[in-house]
Amino acid sequence: QVQLVESGGGLVQAGGSLRLSCAASGRTFSNYAMGWFRQAPGKERDFVAYISWSGGSTYYADSVRGRFIISRDNAKNTVYLEMNNLKPEDTAVYYCAADYGMAISTTARAYDYWGQGTQVTVSS
């Protein structure tokens, strides 16, 4: 089992920045690739960003590429999502997830463990 706890969400004005954190416990964190997803009310859970177990590979959804940065610190068992130039359409609950697979995963069902989510609200 891997337990994931997100933090860092909140209310921010358009153009602002937030940094989300996801702290992991349980099994060896560095064995897992990590992803961030988001879900707005009435919508499906969408892929946001992916980082490989080593941090050497990253991948982003087109909607956030160039604005968001995913990173991880395996010594601290934590993955981060730095979000810049936020837009109202970024408003959602953000979830981190752990994937034991080796390939880049952009679908929610590929991930084995999920956090409870943190709310991000961007006002216009």
Side-chain angles (χ1 to χ4, degrees):
Q1 288 280 349
V2 175
Q3 292 77 42
L4 302 171
V5 179
E6 302 95 336
S7 62
L11 174 64
V12 63
Q13 288 187 336
S17 298
L18 281 175
R19 189 193 197 201
L20 305 184
S21 299
C22 173
S25 61
R27 294 187 176 179
T28 304
F29 177 67
S30 58
N31 286 346
Y32 291 83
M34 298 297 295
W36 284 97
F37 287 75
R38 65 187 182 186
Q39 187 167 20
K43 296 188 177 181
E44 295 185 351
R45 191 168 296 189
D46 291 331
F47 168 77
V48 174
Y50 163 94
I51 188 165
S52 63
W53 65 271
S54 67
S57 296
T58 58
Y59 188 76
Y60 299 91
D62 289 343
S63 58
V64 307
R65 187 174 290 116
R67 299 188 297 124
F68 290 12
I69 300 172
I70 189 171
S71 62
R72 66 189 296 161
D73 185 338
N74 285 344
K76 295 182 178 180
N77 291 351
T78 303
V79 63
Y80 305 97
L81 185 69
E82 181 179 344
M83 306 185 294
N84 301 306
N85 190 21
L86 282 161
K87 304 175 181 181
E89 51 263 44
D90 294 318
T91 295
V93 177
Y94 283 71
Y95 299 89
C96 68
D99 173 21
Y100 195 64
M102 297 299 292
I104 295 176
S105 303
T106 62
T107 57
R109 60 184 177 183
Y111 288 77
D112 303 295
Y113 301 101
W114 290 84
Q116 294 299 307
T118 186
Q119 176 71 46
V120 172
T121 303
V122 184
S123 63
S124 58

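Hydrogens, waters and symmetry mates are skipped; everything else that's a heavy atom, side chains included, is used. Since this is a predicted model, take the numbers as computed values, not measurements.
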Hydrophobic clustering (ILVMFWY, side-chain heavy atoms < 4.5 Å, transitive) - are Leu20 and Tyr95 grouped together?
no
Correct closest heavy-atom pair for Asn85 and Asp90 would be O-OD2, 4.5 Å
Value for CG (Asn84) from CZ (Arg67), rounded to nearest 0.5 Å, stands at 9.0 Å
Kindly work out whether a path of hydrophobic side-chain contacts (I/L/V/M/F/W/Y, heavy atoms less than 4.5 Å apart) joins Trp36 to Phe47. no
For Ala110 and Asp99, the nearest pair of non-hydrogen atoms, with its separation, is O-OD1, 3.2 Å
One should read off an interatomic distance between Thr91 OG1 and Gln119 CD, to the nearest 0.5 angstrom, of 7.0 Å
Handout entry: Trp114 reachable from Leu4 in the ILVMFWY side-chain graph, under 4.5 Å edges
Key = no
- request: Treating Ile, Leu, Val, Met, Phe, Trp and Tyr as nodes and any side-chain heavy-atom pair under 4.5 angstrom as an edge, say whether Phe68 and Tyr59 lie in one connected cluster.
  value: no
Separation between CZ (Arg19) and CD1 (Ile69), nearest 0.5 Å, reads 10.5 Å
Exercise for review: Take Arg38 and Val64, measure what side chain to side chain contact (heavy atoms under 4.5 Å, CB included) needs, and give me the verdict at the end.
Suggested key: CA-CA 11 Å; Arg38 65 187 182 186; Val64 307; 3.9 Å; yes
Rounded to the nearest 0.5 angstrom, the CD-OG distance for Glu89 and Ser124 is 10.0 Å
- Message: How about CD on Gln116, more than 12 heavy atoms from neighbouring residues, nucleotides or ligands closer than 6.0 Å, or not?
- Response: no
Q | Main-chain N/O of Phe29 paired to Arg72 side chain as donor or acceptor, under 3.5 Å | A | yes
So CH2 of Trp53 and CG of Asn74: to nearest 0.5 Å the spacing works out to 8.0 Å
Establish whether Tyr111 and Ile51 are linked, either directly or via other cluster members, by ILVMFWY side-chain heavy-atom contacts under 4.5 Å. no
Here the pair of heavy atoms bringing Ala33 nearest to Gly101 is CB-O, 4.4 Å
CZ (Arg45) and OG1 (Thr107) are apart, to the nearest 0.5 Å, by 12.5 Å
Check whether more than 12 heavy atoms from other residues, nucleotides or ligands sit under 6.0 Å from atom OH of Tyr100, and answer yes or no.
no
Closest non-hydrogen atoms of Phe37 and Thr106, given as atom of the first, atom of the second and distance, are CE2-O, 3.7 Å
- Check for a donor-acceptor pair, side chain of Ser30 on one end and backbone N or O of Thr28 on the other, with a separation under 3.5 Å. no
Note: Ser21 and Thr78 closest approach over all heavy atoms is CB-CG2, 4.3 Å
Quiz item: Between the main-chain N or O of Ile70 and the side-chain N or O of Tyr60, is there a donor-acceptor pair closer than 3.5 Å?
Solution: yes
- Message: For the backbone of Cys96 and the side chain of Glu6, can you confirm whether one donor and one acceptor N or O come within less than 3.5 Å of each other?
- Response: yes
Between Leu81 and the options Leu18, Thr118, Val48, the side chain to side chain contact (heavy atoms under 4.5 Å, CB included) test singles out Val48
Note: Gly9 and Val120 closest approach over all heavy atoms is CA-CG2, 4.1 Å
Handout entry: Under 3.5 Å: donor-acceptor pair, side chain of Tyr94, backbone of Gly8
Key = no
